[in-house]
K.L.:
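Sending over a structure as structure tokens; questions will come in a sec.
Only this structure's heavy atoms are used, side chains among them; waters, hydrogens and symmetry mates stay out. Sequence positions, counted from 1, serve as the residue numbers for this chain.
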Amino acid sequence: MKKIYNLINNIITSGIKGGYESEPVRKAVTINLFSFIGLFFMLLYASRSIINQQFIHATMLALFALITLGLFGYLRLTKNYIVASHSIIVMMIFLDAYLFISGGDNNTGILWIYVFPILCLFTIGVRYSIVYISFFLAFMLVLFYTEPFYLADYDQNLKSRFISTFLAVTFMSITFEFVRQRTYKELVDSNNKKTFYLNKVMDQQKEIVTKSKKLETANKELEEHRNHLEKLVKNRTEELEIAKEKAEESDRLKSAFLANMSHEIRTPMNAIIGFSSLLVDPDVEDALKQEMVMHITQNTNSLLQLIENIISISKIEAGQLEAKISKVDITQIFNDAFSEYNEIITATGKKNIKLVLDNDINSSSFINSDANHIKKILHNLLDNAVKFTEEGEIHIGYKIPHTVKEPHVLFYVKDSGIGLSTEQQTRIFNRFTKAEISKKKLYRGAGLGLSISKNLVEILGGRIWVESELKKGATFYFNIPITDKVENKVIIKQQKISPYKWENKSILIADDELINYQQLKISLSHTGAKILHAKNGLEAIEMVKNNSIDLVLMDIKMPVMNGLQAARKIKSIEKNIPIIAQTAFTLEYNKQRSIESGCDAYLSKPITKSQLLSLISNFIT
């Protein structure tokens, strides 16, 4: 029985949720009940009309029955009782109009019209109902008094009775609907007040229960805090002691770093300034002056390396150091390092050290990596090896193991120097950490090289480590993953032509600093090239227009017009002129900007004579 009730309830409410007191459900029920009753009578009279052979009348009733069924389906699907209400009212207007005009079954169609005001008021309310009812009443009055030929023949007495009865039904319906709305509103307001106060009481009860639970929980937490307070105080005290020790250690490292930086900067500066002033002393012999130049060069390189390390550390901390992946000839990197550090060993007077390159210098191995990062790592390791080794051998090289799961290149630098203790090996890669064996000899350095190397290796996806014993030397290893197949090939070395003779060439130096121009001019003086000078980018452009220039040395930072703007303009005038950018800015970003602006090569200041001549010869010969 309950299932049957639920089924009927679901049909007449069109599945709209809520009680019968709610407006959507009430209107849905009204629409559906009127639809079912109207559907029944329309089908009934349609059947009688067919029997009486009134086929047109039967067809019209069947059509309206079909529309009524469609409205029921629409309300069922959309739950939009507002649209459904207005739709059924409009349909009733057409149905009643048809029945009124045609007369229906034995002129009884006029009786259907009494349903119209009741349906309007019960489904769409008083306001909209008055509009619809007024419209329909006016329509009927016009037909009654004009009596067109197509209107059914109604008795005059019936007409007058019909109008008064229609108005009476309408006013009664309005009264019932008005009373119902007021009653419904008062009931809803009363129910809302009861619900409000009931909810308030329930909320207060819940609040009391919640507070009771919170109080119980608070008592338990208080008990736990009371039981563990001593333990917490002890732990916090230990943490504060550790934090204090770390802060003191950080402060000590900071003070030591600043003091060390001051020493490492002032020491080479002292040599540079001191020996530079002695160079112009007429009482100093020429042989000693040559030695002074060597010391100035060494200390200048030392100061430059310190500055580069500080810049690298700053870039690492800022997260701006990235890998620029390209095809790298690692054999060439080792060959260049071998030649460079042989000269450094000779210049530092360490004649008891022999530098050994373990790889074949007549072959090349190519990988995809960052050449600058690999060079920097290798140079830092070689600097330490030369610094901490007084005699013996320093071996450098690389291996490509073929038995490991993850292919990589293994690089190493092995020396026979002072070595490292186990404790030193655990912290040697930390920033500002230096290997000090005893107070008998102090080794210069800021303690940044190995820390920078560690960061560079990790950027390349590898790792770095050391194997060492005190007084038995150290071997530093670092590996770099191989993402593709390593290319190996034999190379044939060409004999270099050492003298640079460019008597028929013209070189334009664009630099606003006179001292920089003088240094470049002196470096090029023995080549026989014609040297021109421009103090800004605009002058450089004019000289290119008015002279036959074979190569331009372009400073980036200049007044009036900078070097990058000038390079773009010169390339638009004469695209075949080689332009070499030379600047004190060392960031990789500036090198990229120079190349994009039309420069063919890039030199970072300070510029050595051999570096300058070697690069120019690639373009001018």
Side-chain angles (χ1 to χ4, degrees), residues 309 312-313 315-316 319-341 355-386 393-416 419-420 422 425-431 448-469 473-493 588 591-592:
N309 283 342
S312 295
I313 282 292
K315 290 168 70 176
I316 289 170
Q320 295 178 349
L321 205 59
E322 299 177 347
K324 307 292 183 181
I325 304 300
S326 61
K327 194 172 184 179
V328 178
D329 185 352
I330 51 179
T331 304
Q332 186 62 46
I333 291 175
F334 273 83
N335 290 344
D336 293 342
F338 179 74
S339 302
E340 181 180 347
Y341 278 86
L355 183 61
V356 180
L357 177 59
D358 291 341
N359 293 91
D360 183 7
I361 63 173
N362 291 318
S363 66
S364 289
S365 295
F366 294 94
I367 63 171
N368 286 332
S369 189
D370 189 314
N372 291 328
H373 286 359
I374 295 175
K375 288 177 184 177
K376 184 68 175 176
I377 299 165
L378 187 59
H379 284 203
N380 285 339
L381 297 180
L382 277 168
D383 284 339
N384 284 344
V386 173
E393 294 182 346
I394 298 174
H395 289 258
I396 61 172
Y398 65 89
K399 300 176 182 177
I400 305 176
H402 299 290
T403 57
V404 294
K405 293 182 179 179
E406 298 180 358
H408 63 269
V409 181
L410 179 66
F411 302 87
Y412 62 89
V413 175
K414 181 179 181 182
D415 64 61
S416 56
L420 295 166
T422 304
Q425 292 178 41
T426 60
R427 58 185 180 87
I428 195 65
F429 294 103
N430 294 338
R431 203 171 298 173
L448 298 175
L450 289 177
S451 175
I452 293 170
S453 298
K454 182 176 182 293
N455 279 277
L456 293 177
V457 169
E458 289 174 352
I459 287 172
L460 296 176
R463 72 181 187 95
I464 187 170
W465 69 97
V466 61
E467 296 176 359
S468 178
E469 289 184 38
T475 304
F476 283 86
Y477 297 95
F478 68 96
N479 60 25
I480 296 176
I482 299 174
T483 57
D484 55 0
K485 186 178 179 181
V486 178
E487 298 180 18
N488 295 298
K489 66 178 183 179
V490 177
I491 58 172
I492 300 174
K493 286 189 169 283
E588 188 70 23
K591 180 178 180 180
Q592 182 180 348

K.L.:
Ignoring hydrogens, what is the shortest heavy-atom contact between Pro481 and Gly462? Give both atom names and the distance.
P.N.:
CD-N, 3.9 Å

K.L.:
Indicate yes or no: at least one non-hydrogen side-chain atom of Ser339 is less than 4.5 angstrom from one of Asn335.
P.N.:
no

K.L.:
Which atom names give the shortest non-hydrogen contact between Ala337 and His379, and what distance separates them?
P.N.:
CB-NE2, 4.3 Å

K.L.:
Would you compute the distance between atom OG of Ser453 and atom CD1 of Ile374 and round it to the nearest 0.5 angstrom?
P.N.:
12.5 Å

K.L.:
Do Ile464 and Leu456 have side chains that approach each other closer than 4.5 Å (heavy atoms only, starting at C-beta)?
P.N.:
no

K.L.:
What's the spacing between Lys399 NZ and Asn479 CG if we round to 0.5 Å?
P.N.:
13.0 Å

K.L.:
I'd like to check the ring pair (Phe, Tyr, Trp, His ring centres under 6.0 Å) partners of Phe411; sequence neighbours left out, ordered by chain and number.
P.N.:
Phe334, Phe478

K.L.:
Does any part of the side chain of Tyr412, heavy atoms only, come nearer than 4.5 Å to the side chain of Leu381, both counted from C-beta?
P.N.:
no

K.L.:
Quick one, Phe476 and Leu420 - any side-chain contact, counting heavy atoms below 4.5 Å?
P.N.:
yes

K.L.:
If you take all heavy atoms of Val328 and Ala371, which pair is closest and at what distance?
P.N.:
CG2-N, 3.6 Å

K.L.:
Do Val413 and His395 touch side chain to side chain, with heavy atoms closer than 4.5 Å?
P.N.:
no

K.L.:
Search all heavy atoms of Gly473 against all heavy atoms of Ser468 and return the closest pair with its distance.
P.N.:
O-OG, 2.8 Å

K.L.:
When you compare the side chain of Val356 with that of Asp358, does any pair of heavy atoms fall below 4.5 Å?
P.N.:
yes

K.L.:
For Ile325 and Asp370, work out which heavy atoms get closest and say how close.
P.N.:
CD1-N, 4.3 Å

K.L.:
I need the minimum non-hydrogen distance between Leu450 and Phe429, along with the two atoms involved.
P.N.:
O-CD2, 3.7 Å

K.L.:
My understanding is that only residues two or more places apart in sequence, or in another chain, count here; which of them pass salt bridge (Lys or Arg N to Asp or Glu O under 4.0 Å) with Lys454?
P.N.:
Glu458

K.L.:
Hey, could you give me the NZ/CD1 distance between Lys414 and Ile396, rounded to the nearest 0.5 Å?
P.N.:
14.0 Å

K.L.:
Which distance, rounded to the nearest 0.5 Å, do you find between the OH of Tyr341 and the CG of Leu382?
P.N.:
5.5 Å

K.L.:
Once you round to the nearest 0.5 Å, how far does CG of Leu460 lie from CD1 of Ile480?
P.N.:
5.0 Å

K.L.:
Please report the interatomic distance CG(Asp415) to OG1(Thr475), rounded to the nearest 0.5 Å.
P.N.:
7.0 Å

K.L.:
Evaluate side chain to side chain contact (heavy atoms under 4.5 Å, CB included) for Phe366 paired with Thr331, printing each intermediate quantity in order.
P.N.:
CA-CA 8 Å; Phe366 294 94; Thr331 304; over 6 Å; no

